[in-house]
Amino acid sequence: MGRSIGIRMALAAACLVCAAAPPAPCPCPSACPAPCPCPKTRAAVPGGVFVLSGPSGAGKSSLARRLVGQVPGLAFAVSHTTRPPRPGERDGVDYFFVDRAAFDAIRARDGFLECVETYGHRYGLSRKWLRQRLAAGEDVIMDLDTTGARAVRKAMPGAVTALVLPPSAQELGRRLSSRGTESPAQLAQRLGQARRELARYPEYDYLVVNDELDRAAREVEAVILAARARQERRRATARRILETFR
Ligand code: ADP
Ligand code: 5GP
């Protein structure tokens with residue numbers, strides 16, 4: 001799992017999305033719980049945040065991509081990385097591929113929600129990107145390592161987290177090598193971390209076994225749809241409907 005290099009994210013008092021000052025009491029009469037209690041962010045967070053986490057090769061990005069294609073209003077969180085693109089990966093779609101200097105410049109101005117160094121590369125999700133998507137009313141699905149998931153959970157209690165488990169160590173090894181994107185040494189490093197990442201399963205809201213992609217995607221979709229129907233997220237709708245009964 002990655003070593004966190006986003007120091008400020010540990011300070012839960014500051015808003016993770018907008019990096020604003022510590023939270024003020026919620027002025028809303030119904031004291032609606034929001035992902036972040038900071039008024040600025042609360043206004044900017046009409047959507048929800050979903051985190052898919054788990055070892056490399058478990059199928060997080062395959063699942064996230066499929067879900068974005070089948071769930072309306074769901075955007076894939078495009079992180080920045082210093083890792084070079086794999087064949088077929090597109091800048092701005094899979095990641096924003098940047099060099100170390102560009103990454104560190106964003107980090108220096110506290111532009112990342114959280115960031116980690118793992119497998120010799122840096123990864124971070126831009127606050128600006130997230131703010132824009134949430135302000136546009138979209139839900140966001142993130143593909144993060146377990147360190148990132150922990151950071152997001154701590155700072156955004158409204159985030160829904162799911163750990164993606166491969167059916168077995170053998171199958172994880174097969175999938176990683178069939179992806180063909182890592183050298184034997186890199187593959188061993190990724191497999192070596194898998195056990196420690198999976199051992200964090202008690203921290204997650206949901207555990208999804210990615211045995212069969214369609215089935216696993218339906219399960220995550222059910223989680224997303226159920227979260228959208230939560231009372232806290234439907235209060236405004238309920239009020240609007242109530243108004244029509246006056
Ligand atoms: P991650 O994003 O967790 O690193 P990927 O989504 O890249 O994992 O998946 C790793 C490899 O396993 C890819 O080649 C992908 O096509 C394959 N894969 C993903 N899910 C399944 C599945 N349910 N069954 C078989 N292969 C899968
Ligand atoms: P990969 O190189 O296979 O695309 O990603 C390596 C690991 O980095 C994966 O576990 C992936 O979930 C994680 N990752 C990708 N983007 C981010 C990010 O912005 N933050 C964190 N914490 N992890 C990320």
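Positions are given from 1 along the sequence. Keep in mind it's a predicted model, so treat the numbers as computed, not measured. One-based numbering, in listed order, for ligands and for the atoms of each. Values below: all heavy atoms of this structure, side chains included; hydrogens, waters and symmetry mates excluded.
Ranking the protein heavy atoms by distance from atom 8 (O) of ligand 1 puts Gly59 N, 3.1 Å first. Among protein heavy atoms, the minimum distance from atom 7 (C) of ligand 2 is reached at Tyr119 CE1, 4.0 Å. Here the protein heavy atom with the shortest distance to atom 23 (N) of ligand 2 is Asp145 N, 3.2 Å. The nearest heavy-atom contact from the protein to atom 20 (N) of ligand 2 is Glu114 OE2, 2.6 Å. Taking atom 10 (C) of ligand 1 as the reference point, the nearest protein heavy-atom neighbour is Gly57 O, 3.6 Å. The shortest contact between atom 23 (N) of ligand 1 and any protein heavy atom is with Asn210 OD1, 2.9 Å. Given atom 2 (O) of ligand 1, the protein heavy atom at minimum distance is Ser61 OG, 2.7 Å. Atom 4 (O) of ligand 2 has its closest protein heavy atom at Tyr95 OH, 2.6 Å.
For ligand 2, the atoms sitting less than 4.0 Å from at least one non-hydrogen atom of Arg86 are 1 (P), 2 (O), 3 (O), 4 (O), numbered in the order shown with element in parentheses. Near Leu213, with a cut-off below 4.0 Å to any heavy atom, the atoms of ligand 1 are 20 (N), 23 (N). The contact set between ligand 2 and Ser79, taken as ligand atoms under 4.0 Å from a residue heavy atom, comprises 16 (N), 17 (C), 18 (C), 19 (O). Atoms of ligand 2 lying under 4.0 Å from at least one heavy atom of Gly148, given by number and element, are 22 (N). Near Ser62, the atoms of ligand 1 lying under 4.0 angstrom from a non-hydrogen atom of the residue are 5 (P), 6 (O), 9 (O), 15 (C), 19 (C). Atoms of ligand 2 lying under 4.0 Å from any heavy atom of Arg83, numbered from 1 in the order shown and given with element: 1 (P), 2 (O), 4 (O). The Lys60 neighbourhood of ligand 2 comprises atoms 10 (O), 12 (O), with distances under 4.0 Å to a heavy atom of that residue. The Leu144 neighbourhood of ligand 2 comprises atoms 12 (O), 17 (C), 18 (C), 19 (O), 20 (N), 21 (C), 23 (N), 24 (C), with distances under 4.0 Å to a heavy atom of that residue. Against a heavy-atom cut-off of under 4.0 Å, Ser56 is close to the following atoms of ligand 1: 4 (O). Every atom of ligand 2 with a heavy atom of Leu125 under 4.0 Å away is listed here by number and element: 19 (O). Here is the list of ligand 2 atoms found below 4.0 Å of a heavy atom in Val116: 21 (C), 22 (N), 23 (N).
Where the criterion is an N or O separation shorter than 3.5 Å, residue side chain and backbone included, Glu171 fails it with respect to ligand 1. Considering backbone and side-chain atoms together, Lys60 places an N or O closer than 3.5 Å to an N or O of ligand 1.
Between the side chains of Thr81 and Arg83, no donor-acceptor pair is found at a separation under 3.5 Å.
Taking every heavy atom of both residues into account, Asp91 and Phe97 meet most closely at OD1-N, 2.8 Å. Shortest non-hydrogen contact noted between Glu219 and Leu207 is OE2-O, 3.9 Å. For the residue pair Leu113 and Leu130, the shortest heavy atom distance occurs at CD2-CD2, 3.7 Å. For Ala149 against Tyr204, the heavy-atom pair with the smallest separation is CB-OH, 3.4 Å. Smallest separation of non-hydrogen atoms from Ser56 and Leu172: O-CD1, 3.3 Å.
Ring planes of His80 and Phe96: tilted class, angle from 30 to 60°.
Across the listed options Leu176, Asp143, Val51, Val78, Asp143 owns the non-hydrogen atom lying nearest to atom 14 (N) of ligand 2. With atom 12 (O) of ligand 1 as the reference point, the heavy atom nearest to it among Glu182, Arg190, Arg179, Arg175 is part of Arg175.
Here Arg150 contributes atom CZ and Asp145 contributes atom CG; the two are 10.5 Å apart, rounded to the nearest 0.5 Å. Distance check: Leu242 CG to Arg235 CZ gives 13.0 Å after rounding to the nearest 0.5 Å.
Remark: Arg190 is positioned above the aromatic ring of Tyr119, its terminal NZ or CZ atom under 6.0 angstrom from the ring centre and at most 45 degrees off the axis.
Judged by distance alone, the side chain of Lys60 and the main-chain N or O of Gly54 form a donor-acceptor pair under 3.5 Å.
At a heavy-atom distance under 4.0 Å, no atom of His80 approaches ligand 2. Contacts between Pro55 and ligand 1 below 4.0 angstrom, taking non-hydrogen atoms only, involve the backbone exclusively. When non-hydrogen atoms are compared, ligand 2 lies under 4.0 Å from the side chain of Arg190 (C-beta onward) but not from its backbone. With a 4.0 Å cut-off on non-hydrogen atoms, Asp211 touches ligand 1 through its backbone and not its side chain.
Salt-bridge check for Asp94 with Arg65: passed, with a basic side-chain N closer than 4.0 Å to an acidic carboxylate O. Of the charged side-chain nitrogens involved, at least one lies within less than 4.0 Å of a carboxylate oxygen, so that Arg100 and Glu117 count as a salt-bridged pair. Of the charged side-chain nitrogens involved, at least one lies within less than 4.0 Å of a carboxylate oxygen, so that Arg179 and Glu182 count as a salt-bridged pair. Note on Asp110 versus Arg127: salt bridge recorded, some NZ/NE/NH1/NH2 to OD/OE distance being below 4.0 Å.
Within 6.0 Å of the CZ atom in Arg230, the count of heavy atoms belonging to other residues, nucleotides or ligands does not exceed 12.
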